[in-house]
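Taking it in order: structure first as structure tokens, then the write-up.
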Amino acid sequence: MFSSFLVPFQSAHPLVFVGLLLLLSHAAGLLAHRLHSPKVTGYLVVGMLASPSVTGLLSATVVEERLGLITDIALGAIAFSIGGVLRWKQLKKLGLQIATVTLAEGFGAMLFPFLAVVAAYGLGQVVDPSLDWRTELLPLAIMIGALCVSTAPAATLAVIHEVRADGPLTQLLLGVVAIDDALGITAFALAKTGVLALVGVGVVSWGASLGFIGREIGLALLLGGVLGWAMALVARHFSPGLGLFGVAWGALFLCAGLAHSLGASPLLANMTLGFVLVNFLQHHQDLFAVVEEIEEPIFGMFFLLAGAHLDLSVLPQAGALAVLILLARFLGKLLGAGLGAKVSGSPPQVVKYLGLGLTPQAGVAVGLVLSAKASLPAGPVGSLLVNGILATVVLNELISPFFIRFALNLAGEAGQRGSKGGEDE
């Protein structure tokens, strides 16, 4: 009833919705602060209330098409900022830890959901026991495992900025998040090829999988590296102020747009751009400062839109499977990250709390699961896969900001950004 009343409103100029997002996100942030909750959770909850599956204040067309550019801009800024904290001096010190932890937590996040789905099938609970073992259950379990690998960087960075965190845990967390999507994309491409072999769809080509990985990852690194080098040469001739603002955001938009156009990962491209600039531009602080100046409203709009994307109607259909995946992925991330951190000689607080910061799951997983469904034969597997992962994302996005803030507080790193020794200049 209420959504039908809003139908004429949905055709309003896009600026109406941009203004609405800014005002709603500001109100949501204030409310979350009053309730001692992470602002990200406030944005997401208000976005869900405005979504097509609740009030319909924001229609599916508005969310998915007319305001899609806001999501692209926000993800570009988030990736750029993450790349900007990966200083080469720190990477030389943390490189082994980052690589070890990423492989360990990624493997754990893939293995535990896979085993959980297989075990649930064997027990005749949650997963339909009538599924064929080879052509339906194994493909479902393999794809769920692969889709659980990636970590969404947006929530992680937003909470870190909100609590002004810095320290060993924060630095290692950002390093792992920066390359975790690359691992997730690789796991998905290889899993997809293996699944197609199991179900006997089309001609299986490992070369095609490697080509997908090369385009998504290799081209993104090349694009971000070349643009970063070019912008480092240009930006040194600009003074701080409005001119530098245009250079910073121009480079960010150009990099993300080219990555989208060429079929590369915009996240990895913009991370590489930020990494190159922070390491090869002498006065990089000024460049990143003009991006950070307007990050708060961009974060607000992005997460409010992310909440509006979440379809609550999938929860009744796949609630039990989503809870199973959520718990198994959480356990895999927690144990894998802890083991990787311990093996690589990380401090005790990193070993204890790193896994809590790696729980967010969002955009990359959603994009990949839709791609997976398109390549699978029609039937219950595709529906289970999509609904299970989407419902997991809904639950994950609501609770993961609490885990991140909890970890940073317990590690004693909240409030350390900008303090003595808290920021590497």
Side-chain angles (χ1 to χ4, degrees), residues 32 37-45 48 78 82 98 101-114 116 144-163 165 169-181 183-184 187 267 299 303 306-307 310 321-341 346 349-366 368-369 388-411 413-414:
S37 298
K39 288 184 179 179
V40 175
T41 303
Y43 301 145
L44 288 166
V45 169
M48 289 169 63
I78 288 162
I82 289 176
I98 291 173
V101 168
T102 303
L103 290 174
E105 58 88 17
F107 181 73
M110 181 167 56
L111 177 64
F112 278 74
F114 171 83
I144 285 176
L147 289 164
C148 286
V149 172
S150 63
T151 301
T156 305
L157 186 66
V159 175
I160 286 172
H161 279 199
E162 181 184 344
V163 302
L169 174 63
T170 303
Q171 294 300 324
L172 186 56
L173 178 59
L174 287 170
V176 172
V177 166
I179 61 173
D180 209 28
D181 278 344
L183 183 65
L267 278 174
F299 277 148
F303 283 107
L310 301 177
L321 179 60
V323 172
L324 178 69
I325 297 170
L326 183 75
L327 293 175
R329 180 178 180 269
F330 175 78
L331 188 60
K333 289 276 184 182
L334 198 65
L335 295 179
L339 179 62
S346 300
Q349 71 268 29
V350 175
V351 175
K352 287 181 183 178
Y353 306 124
L354 180 62
L356 292 172
L358 295 170
T359 51
Q361 183 184 31
V364 172
V366 172
L368 293 179
V369 75
I389 293 295
L390 290 182
T392 303
V393 167
V394 173
L395 298 174
N396 222 321
E397 285 295 271
L398 289 174
I399 64 175
S400 59
F402 288 95
F403 288 137
I404 300 167
R405 192 170 72 171
F406 186 60
L408 295 171
N409 281 321
L410 286 179
E413 297 188 6

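For the numbers below, each heavy atom of this structure counts, side chains included, while hydrogens, waters and symmetry mates do not. Bear in mind that the values here come from a model prediction, so they are computed numbers and not experimental data.
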Discussion item. The criterion is ring pair (Phe, Tyr, Trp, His ring centres under 6.0 Å); which residues satisfy it with F330, sequence neighbours excluded?
Written reply: F403
Discussion item. Please check this pair: side chain of E413 against backbone of L169, looking for a donor-acceptor N/O pair closer than 3.5 Å.
Written reply: yes
Item to complete: Please test L326 against Q361 for side-chain contact (heavy atoms from CB on, under 4.5 Å), starting from the C-alpha separation and ending with a verdict.
Response: CA-CA 10 Å; L326 183 75; Q361 183 184 31; over 6 Å; no
Item to complete: For the pair I160 and L173, evaluate side-chain contact (heavy atoms from CB on, under 4.5 Å) and give the outcome as yes or no after the intermediate values.
Response: CA-CA 10 Å; I160 286 172; L173 178 59; 4.1 Å; yes
Discussion item. Would I78 and F299 count as a side-chain contact (heavy atoms from CB on, under 4.5 Å) here? Give the steps.
Written reply: CA-CA 8 Å; I78 288 162; F299 277 148; 3.2 Å; yes
Discussion item. So, taking the atom named CG in L183 and the one named OG1 in T102, what distance separates them when rounded to the nearest 0.5 Å?
Written reply: 7.0 Å
Worksheet entry | Nearest heavy-atom neighbours spanning K333 and V149 | NZ-O, 2.7 Å
Worksheet item: At their closest point, which heavy atom of R329 faces which heavy atom of P360, and how far apart are they?
Response: NH2-O, 3.2 Å
Practice prompt. State, to 0.1 Å, how close L395 and A322 come at their nearest heavy-atom pair, and which atoms those are.
Written response: CD1-CB, 4.1 Å
Fill in: Gap separating the CG atom of L408 from the CG atom of L356, nearest 0.5 angstrom
9.5 Å
Practice prompt. Verify the neighbour count for atom CZ of F406: are there more than 12 heavy atoms of other residues, nucleotides or ligands below 6.0 Å?
Written response: no
Response to the item:
Separation between CG (L174) and CG (L157), nearest 0.5 Å, reads 6.5 Å
Item to complete: Supply the atom-to-atom distance H161 NE2 to K39 NZ, rounded to the nearest 0.5 angstrom.
Response: 12.5 Å
Discussion item. If I compare all heavy atoms of A158 with all of F303, which pair ends up nearest, and what's the gap?
Written reply: CB-CE1, 3.8 Å
Practice prompt. Kindly give the heavy-atom pair with the smallest separation between G108 and P113, and that separation in Å.
Written response: O-CD, 3.9 Å
Worksheet item: Any side-chain heavy atom of T151 sitting closer than 4.5 Å to one from V176?
Response: no
Discussion item. Just verifying a value: how many Å separate T156 OG1 and L358 CG, rounded to the nearest 0.5 Å?
Written reply: 7.0 Å
Worksheet entry | Verdict with reasoning, L354 to S346, per side-chain contact (heavy atoms from CB on, under 4.5 Å) | CA-CA 10 Å; L354 180 62; S346 300; over 6 Å; no
Practice prompt. List the atom of D180, the atom of S150, and the distance in Å for their closest heavy-atom pair.
Written response: OD2-C, 3.7 Å
Fill in: Side-chain donor or acceptor of K352 paired with backbone N/O of G338 under 3.5 Å
no
Worksheet entry | Approximate separation, where rounding is to 0.5 Å, of T41 OG1 and I404 CD1 | 9.0 Å
